[in-house]
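Chain identifiers are assigned alphabetically (A, B, ...) following the order of the sequence lines, protein sequences preceding nucleic acid strands; residue numbering begins at 1 within each chain.
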Number of protein chains: 2
Amino acid sequence: MNEPEIHTTDYEAALREAGVRITRPRRVILGILADMGDHPDAMEIFQRAVAIDSGISLSTVYRTMKLLEGIGAIHRHAFAGGPSRFEPAVGEHHDHLIDIDTGDVIEFQSDKIEELQNEIAHRLGYEIVHHRFEIYGRKRKKR
Amino acid sequence: MNEPEIHTTDYEAALREAGVRITRPRRVILGILADMGDHPDAMEIFQRAVAIDSGISLSTVYRTMKLLEGIGAIHRHAFAGGPSRFEPAVGEHHDHLIDIDTGDVIEFQSDKIEELQNEIAHRLGYEIVHHRFEIYGRKRKKR
DNA sequence: ATGCAGTTGCAAATGATTTGCAACTGCATT
DNA sequence: AATGCAGTTGCAAATCATTTGCAACTGCAT
């Protein structure tokens, strides 16, 4: 009964800790977050939520995402010209490669980057809070 | 007549090459870009432009930024919850450290990052178009 | 000097996100 | 289990950034 998986209850615990109420809409959204493998935007999360409980409003999705972002449970990614996309802040930090033709988001992880950011921030007299490394690329066609 | 500096005329040459007209509003905006040392958003550029020529509209600023971005003359940076900020795409590529308390943007350059992105993109079967590396940090207080 | 396709300013439209407010509901307390 | 009320919610309207339709204007090739 202690799988290394993420469950709604983990988020609930985090929320309780943050001193907020576990309401019906929040439980639904938490459930969606728990098993999303992609990086949906607020509207997409809203649609999934409505499919589960038609009474949920888009405002609540936005409010909940902001709340979760505030307690560090999710990360927000801002893309130029589009809505923010979210992903659970769970496990190892990773970065993204965005396919500029298809919009696909590929995750990758590199210890060197983690090192590098520390080195650079230190050199500039800063303490890192977080970083973002995104590569925008196009699939290399095999020939 | 070939200084390594950036002048309005350099942008003009790039625009002409792209087959667009050099109009009065564009010349004003180009002039602003030529000597901006910061990373202003469209509204800020608009205000500087109006100070030079009161007839310029915000739409034109947006249209021009999009145009310049398209020909690669400037870079757009999207920040969560705020407007896009622009900077001339001139010289060596650099990345940013954002001070999360003050919003200051500090530029830095690292060859290692350039290497790393190539390595990673290659590993994933992609060809890099561009990348973005941002460190969000807080000033380390000296003790 | 002339013509017209490329540009512009303005206002209205769009898209993402936030907010005011009155009704509702967790949940700590009886 | 019933009570009270501060935290939440849904809805609609507001806000912010950005885009777009359109008629008037203007570079610039001729």
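Straight-line distance from the CG atom of B:Leu58 to the P atom of D:dA17: 10 Å, rounded to whole Å. The interatomic distance linking A:Phe79 (CZ) with C:dA16 (P) rounds to 14 Å, in whole Å. Between the C1' atom of C:dC27 and the CZ atom of A:Arg24 lies a distance of 17 Å, rounded to the nearest Å. Spacing between atom CG of A:Leu15 and atom P of C:dG26 amounts to 15 Å, rounded to whole angstrom units. For the pair A:Glu69 CD and C:dT17 C1', the computed distance is 13 Å after rounding to whole Å. The CD1 atom of B:Ile56 sits 9 Å away from the P atom of C:dT8 (whole-angstrom rounding). Put simply, CG on A:Leu67 is 16 Å from C1' on C:dT19, counting in whole angstrom units. In this structure, B:Phe86 places its CZ atom 10 Å from C1' of D:dA17, rounding to the nearest Å.
Counting all heavy atoms, side chain and backbone alike, A:His131 lies closest to A:Ile113 at CE1-CG2, 3.3 Å. The shortest non-hydrogen separation linking B:Pro83 to B:Asp41 is CG-OD2, 3.4 Å.
When distances are taken from the side chain of A:Ile22 to each of C:dC27, C:dT8, C:dT17, the shortest belongs to C:dC27. With D:dT8, C:dT17, D:dT19 as the candidates, the nucleotide lying closest to the side chain of B:Lys66 is D:dT19. Of the candidate nucleotides C:dG9, D:dT18, D:dC11, D:dC11 has the atom lying nearest to any side-chain atom of A:Ser59. Set against C:dG9, C:dT17, D:dT8, the side chain of A:Arg76 has C:dT17 as its closest nucleotide.
Dashed line: the shortest gap from a side-chain N or O of B:Tyr62 to OP1 or OP2 of D:dT18 is under 4.0 Å. Side-chain N/O atoms of A:Ser84 include none lying less than 4.0 angstrom from OP1 or OP2 on C:dA16. For the OP1/OP2 pair of C:dT8 and a distance below 4.0 Å, the side-chain nitrogens and oxygens of B:Arg26 include at least one atom meeting the criterion.
Nearest-nucleotide positions on DNA chain D place B:Pro83 closer to the 5' end than the other of B:Pro83 and B:Arg16. Taking the nucleotide of DNA chain D with the nearest heavy atom to each of B:Asp41 and A:Ser57, the more 5' of the two is matched to A:Ser57.
Side-chain N/O atoms of B:Arg21 and base N/O atoms of D:dT26 include a donor-acceptor pair closer than 3.5 Å. Contact annotation: side chain of B:Thr23 to base of C:dT8, donor-acceptor pair absent below 3.5 Å. Scanning atom types as modelled, no donor and acceptor separated by under 3.5 angstrom connect the side chain of B:Arg63 and the base of C:dG6. No hydrogens or angles were tested; on distance alone, nothing pairs the side chain of A:Arg27 with the base of C:dG26 as donor and acceptor under 3.5 Å.
Ring centroid separation for the pair B:Phe86 and B:His75 does not come in under the 6.0 Å cut-off. Between A:His96 and A:His39, the distance separating the two ring centers is shorter than 6.0 angstrom.
The residues A:Lys139 and B:Glu127 are annotated as not salt-bridged, no charged nitrogen and carboxylate oxygen being separated by less than 4.0 angstrom. Comment: A:Arg138 does not engage A:Asp99 in a salt bridge, judged by the lack of any side-chain N to carboxylate O separation of less than 4.0 angstrom.
Residues A:Ile98 and B:Tyr126 fall into different hydrophobic clusters, defined by Ile, Leu, Val, Met, Phe, Trp and Tyr side chains chained together at heavy-atom separations under 4.5 Å.
B:Gly55 comes within 4.0 angstrom of the backbone, heavy atoms only, and of no base.
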Treat a base pair as Watson-Crick or G-U wobble with both distances under 3.5 Å, then lay out DNA chain C in dot-bracket form, 5' to 3', with | for cross-strand pairs. ||||||||||||||||||||||||||||||
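Of the possible donor and acceptor atoms, none in the side chain of B:Arg132 sits under 3.5 Å from a partner among the backbone N and O of A:Ile135.
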